[in-house]
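Heads up, the thing below is written out as structure tokens.
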Amino acid sequence: MNEIGSKKVNNDSEYQRTIKYLGIFGGAQGISMFLSMVRNKATSVLLGAAGLGFIALYNRTIQMFSECTNLSLSFSAVRKLADVYENGDEKELLSYVKVVRSIALLTGLSGMLLFFLFSPLMSNLIFGDQEYYLRRFLMLSPVLLFMAVAGGELAVMRGTRELNKVALYTLWTAVSSVVIAVPLYYFRGLGGIFPAIFLAAFLQMTGALYLSTRRYRYRVSPFSFSLLRKGCDMIKMGAGYIYSSIMTSFSVWFICKSLSDMADDTVTGYFSAAFVLIMLLPSVLFAALDSDYYPRLSGVLGRREERNAMVNGQIEVHVLVQAPLILGFVVLLPEFLPMLYSEEFLPALQMTQVAMLGMMFHAMAYPISFMPLSAGDSLTFLVQESIYNAALVLLVLFGYECCGLYGLGLGMLLLR
């Protein structure tokens, strides 16, 4: 009887904690979502669907290079830091914080150099031989460094359970993106895309550094072999995820590029807008999983009953919360879509509604997907991600070829 009562208390505690951080991160993500809607609305009015298509191509290209070089520190570093924070001492924790920051800086420098070297190839591949775009691709190479440093600081905050700061960082990224992007798009049109991406990434990095260094002073030794050896587990795990990250970024980029070739940049803009809307509402709730659930799951991995209770609690709460919200969003989307973008995007309505229904199934699978990550089982994660991304490309492009925009949405639904 005592054991049953103890399990019930643990389950209730898990539910309460899950709901608590759903509230904290859901609130932060909710404000972020509103600001993203403001930015997307302004972008769609000022630049149109073609402008959104251009932005999607630029951002996916940057993201692809970032994922290839950043060793997935947002996952691998959090797992190690959470373990040291839970079971180690302050000196060991400070040492690993320095390791994470050093690796982040080194990967950022590597990413910046690779992006600079491959800019002529990417400019020619995406836009043809146009010197105008090549110069701007070269100017965007520091964005890879900014993203890597910010990712390292975010991993430090997550791993050391500074979750309020993670929520503040979420708000800061949303505010800075709006404040930078909207005036540039208004005054410079399509020419404002490149400086907007650069300045937004820089401000996000400075925000992450400000929040993180208030507790842990910024110390790095990116070229110290003895220090980097301490991060071998993180590097090995991150290297294992590079392939998965390449597949994910390349798949979305390839879809955008293929749609641009099969149709035009307007269709790419429709797909990009639908993709943002599909992830917009669930991201409010999934933020708590990334910031609170994953570090805690890594800390209790060896305790089977506690781990299973944690996973089951997450699934139950997320399904109960998300299902009515998603259904309501689908029903009201005909009113929301012109408000969030413009009437030009109404052709993407049916595609978005169909794809959005799949997020209810995603709510059940998402907490389980953290199991290989928390266990350091990169092989299982790689297989899952490879199959998913290959299917994503095939189903989405085949769906568009057969049924147009509706087929795009159906392809995304079938993958959930």
Should L408 and Y270 be marked as a side chain to side chain contact (heavy atoms under 4.5 Å, CB included) after you check the CA-CA gap, both sets of side-chain angles, and the distance that decides it?
-> CA-CA 10 Å; L408 280 176; Y270 290 153; over 6 Å; no
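- Of the inter-residue distances, the one linking L413 atom CG with M351 atom CE reads 13.0 Å to the nearest 0.5 angstrom.
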Could you check M147 against F65 for side chain to side chain contact (heavy atoms under 4.5 Å, CB included), going step by step and ending with a plain yes or no?
-> CA-CA 11 Å; M147 292 173 64; F65 274 84; over 6 Å; no
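- Considering every non-hydrogen atom in both V97 and Y216, the closest pair reads CG1-CB, 4.2 Å.
- Atom-to-atom distance recorded for F187:CZ and L46:CG is 10.5 Å, nearest 0.5 angstrom.
- The shortest side-chain heavy-atom distance between T61 and L140 does not fall under the 4.5 Å cut-off.
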List the steps, then state whether side chain to side chain contact (heavy atoms under 4.5 Å, CB included) holds for F254 with L397.
-> CA-CA 10 Å; F254 185 78; L397 295 181; 3.8 Å; yes
Step by step, work out the side chain to side chain contact (heavy atoms under 4.5 Å, CB included) result for L105 and L145.
-> CA-CA 7 Å; L105 181 59; L145 175 61; 3.9 Å; yes
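- The two residues M157 and V166 have their closest heavy-atom pair at CB-CG2, 3.8 Å.
- In this structure, E401 CD and F398 CZ are separated by 8.5 Å, a value rounded to the nearest 0.5 Å.
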Determine all donor-acceptor pairs shorter than 3.5 Å in which one atom belongs to a side chain in residues 174-184; sequence neighbours excluded.
| from | atom 1 | to | atom 2 | distance (Å) |
| --- | --- | --- | --- | --- |
| S176 | OG | W172 | O | 2.9 |
| S176 | OG | T173 | O | 3.1 |
| S177 | OG | T173 | O | 2.8 |
| S177 | OG | Q204 | NE2 | 3.3 |

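- Nearest heavy atom pair, residue A104 against residue G152, reads CB-CA, 3.9 Å.
- Pairing each heavy atom of A348 with each of L405, the nearest pair is N-CD1, 4.5 Å.
- For the pair V267 and F271, the minimum side-chain heavy-atom distance is 4.5 Å or more.
- In terms of heavy-atom proximity, S141 sits nearest to F115 at CA-CD2, 3.5 Å.
- The aromatic rings of F194 and Y58 lie tilted to each other, with the angle between the two planes from 30° to 60°.
- The aromatic rings of F198 and F146 sit perpendicular to each other, their planes meeting at more than 60°, with 30° as the lower class boundary.
- In this structure, L113 and L109 have side chains that are not in contact, with every pair of non-hydrogen atoms separated by 4.5 Å or more.
- Once rounded to the nearest 0.5 Å, the distance linking CD1 of I55 with CG of L47 reads 5.5 Å.
- If you check the side chains of R101 and S212, you find a donor sitting under 3.5 Å from an acceptor.
- Between atom CD of residue E162 and atom CG of residue L154 there is a gap of 11.0 Å, rounded to the nearest 0.5 Å.
- T43 and Y185 get closest at one heavy-atom pair: OG1-CE1, 3.3 Å.
- Atom OH of Y218 has more than 12 heavy atoms from other residues, nucleotides or ligands within 6.0 Å.
- Using a distance-only test at 3.5 Å, with no hydrogens or angles considered, no donor-acceptor pair links the side chain of S66 to the main chain of I62.
- Using a 4.5 Å cut-off on side-chain heavy atoms (C-beta onward), L168 and N164 make no contact.
- Residue T352 holds its OG1 atom at 11.0 Å from CG of L357, rounded to the nearest 0.5 Å.
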